[in-house]
Amino acid sequence: MFRKRPAQDGDELLTRLGSLTAQARRHAELQRTRVELAVALQRGMLPRDLPVIPGFHLAVRYSPAYSGLDVGGDWYDAFPLPDGRIALSVGDVQGHTLDAAAFMGQVRVGLRALAAVTGDPGDVLARTNELLLSLGADRFATCTFMRLDPATGVLESARAGHIPCVWATADGKAGIAEDEGGPPLGILGGVHYPVTRYRLTTGGVFILLTDGVVEGPALCVDDGLDQVVRLAGIAAVANMEAGSLAAAVIKNAERVGHEDDAAVLVVGHDNREDGG
């Protein structure tokens, strides 16, 4: 024979369940607010406009990926240098928190400020690295920094622990840039970042990206890069507009699982005058 539970015990249980439900709701609202703040911080620190370069075409696509508080710190940037050349950068901050998004802003501002002093990509990365170390930052960032000379099509590239760029020419040849690179920013002092030079010919493209585009649970980074190489070659032969190419590349993030931020910056020498 079952013993009947006193009515007050049932009331106590309902009260407790109500309290736990309210607490869970408050926690969920706090989580959502923090994520929204981090995403707004990310987007607020990214450039709104890209330089207009006669004979060249720039386009970007950016897709933040987050679950709970997993908000990353990927960035892209493009801006004119004092000598008339154009600086290009993409990067990825270690970690997925609000602090990572804020640190991304520090790195990007540091790169811009130091590029105004020395546009050489290797020097820019070396000085930014020393700046981050002097600030005592407990995070690090990977980065590719390039300098484009519109008069010659020469691209000078330096890489700090970041995945390589992808290139393609108008005749359909395509591949992965083979610059040597150095360690991520904010880890070791006194680092030298080698500079590799490329030439962007008419109809050719260079694609700067972050690892969220090519690496995920569904695909390893090498296979992801190979997919972008094939896409770049086809796009160059078809004279695809840079904005369309950037959109096609960012879709790769969906195929790899897109658990990380994904940023794509395309620079094409296609003599188009329209915007990206």
Side-chain angles (χ1 to χ4, degrees), residues 46-47 49-62 74-92 104 107-129 141-169 174-185 191-202 204-211 213-214 225 228-229 232 236 242 245-246 249 263-270 276:
L46 295 173
D49 300 303
L50 300 176
V52 176
I53 317 167
F56 292 83
H57 191 67
L58 302 180
V60 297
R61 291 296 184 274
Y62 179 76
D74 287 20
W75 81 86
Y76 64 84
D77 205 359
F79 55 93
L81 295 169
D83 62 3
R85 286 182 278 191
I86 304 297
L88 310 164
S89 75
V90 295
D92 184 0
M104 175 267 282
V107 177
R108 180 174 164 263
V109 169
L111 287 168
R112 278 197 170 224
L114 292 167
V117 177
T118 171
D120 178 86
D123 287 343
V124 171
L125 291 186
R127 295 189 186 200
T128 302
N129 181 57
T142 67
C143 175
T144 293
F145 190 92
M146 304 183 85
R147 178 171 63 176
L148 168 65
D149 185 351
T152 62
V154 170
L155 274 167
E156 298 167 290
S157 174
R159 196 157 53 93
H162 201 68
I163 62 171
C165 302
V166 170
W167 58 268
T169 56
I176 299 170
E178 296 182 353
D179 40 330
E180 181 179 345
L185 304 173
V191 176
H192 170 68
Y193 293 92
V195 175
T196 305
R197 288 169 177 79
Y198 305 93
R199 185 177 297 276
L200 186 57
T201 56
T202 301
V205 295
F206 250 82
I207 304 172
L208 292 74
L209 39 75
T210 59
D211 57 6
V213 179
V214 294
L225 281 169
V228 177
V229 168
L245 175 55
V249 172
V264 175
L265 171 56
V266 174
V267 51
H269 190 353
D270 55 8

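Keep in mind that the numbers below use all heavy atoms, side chains included, and drop hydrogens, waters and symmetry copies.
For the pairing with F145, the side-chain contact (heavy atoms from CB on, under 4.5 Å) check across L114, L125, L88, D123 returns one residue only, L125.
Of all the heavy atoms in T152 and R199, the pair that sits closest is O-NH1, 2.7 Å. G181 and P194 get closest at one heavy-atom pair: O-CD, 3.8 Å. The two atoms that bring V117 and R127 nearest to each other are CG1-NH1, 3.5 Å, heavy atoms only. In terms of heavy-atom proximity, P82 sits nearest to A116 at CG-O, 3.8 Å. Minimum heavy-atom separation, A141 to V107: CB-CG2, 4.3 Å. Residues V124 and T118 share a closest heavy-atom pair of CG2-O, 2.9 Å.
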side-chain contact (heavy atoms from CB on, under 4.5 Å), that's the test. Do R147 and L155 meet it? Break it down for me. CA-CA 6 Å; R147 178 171 63 176; L155 274 167; over 6 Å; no
Taking it one step at a time, do I207 and V249 satisfy side-chain contact (heavy atoms from CB on, under 4.5 Å)? CA-CA 9 Å; I207 304 172; V249 172; 4.1 Å; yes
Evaluate the criterion side-chain contact (heavy atoms from CB on, under 4.5 Å) for residue pair T144 and C165; output intermediate values, then yes/no. CA-CA 8 Å; T144 293; C165 302; 3.9 Å; yes
Please evaluate residues L148 and I53 with respect to the criterion side-chain contact (heavy atoms from CB on, under 4.5 Å), reporting the C-alpha separation (whole Å), side-chain torsions for both, the decisive distance (0.1 Å), and the verdict. CA-CA 10 Å; L148 168 65; I53 317 167; 4.2 Å; yes
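Inter-residue side-chain proximity for F206 and V266 is flagged as unmet; no heavy-atom pair is nearer than 4.5 Å. Residues F79 and D77 meet the side-chain proximity criterion, which asks for heavy atoms closer than 4.5 Å. No side-chain heavy atom of H57 sits under 4.5 Å from any side-chain heavy atom of V267.
For T169, the side chain to side chain donor-acceptor pair (under 3.5 Å) partners at least two apart in sequence or on another chain are D171. The side-chain contact (heavy atoms from CB on, under 4.5 Å) test applied to V191 returns N129, P183, L188, Y193, not counting sequence neighbours.
One finds the CG atom of L209 at 14.5 Å from the CZ atom of R61 (value rounded to the nearest 0.5 Å). Once rounded to the nearest 0.5 Å, the distance linking OG1 of T128 with CG of L185 reads 6.5 Å. Rounding to the nearest 0.5 Å gives a distance of 11.5 Å between CG of L58 and OH of Y76. With values rounded to the nearest 0.5 angstrom, L111 atom CG is found 5.0 Å from C143 atom SG. Note that the CD atom of E178 and the OG atom of S157 stand 12.5 Å from one another [nearest 0.5 Å]. In this structure, CD1 on I86 lies 13.5 Å from CE on M146, to the nearest 0.5 angstrom.
Of the possible polar contacts, none joining the T142 side chain to the A160 backbone as a donor-acceptor pair under 3.5 Å is found. No donor-acceptor pair closer than 3.5 Å links the side chain of R108 to the backbone N or O of G91.
Between the side chains of T210 and W75, no donor-acceptor pair is found at a separation under 3.5 Å.
The salt bridge (Lys or Arg N to Asp or Glu O under 4.0 Å) analysis of residues 78-91, with sequence neighbours excluded, yields the pairs D83-R85, R85-E156.
In this pair, F56 and H269 present their aromatic rings parallel. The plane angle is below 30°, not in the 30 to 60° band.
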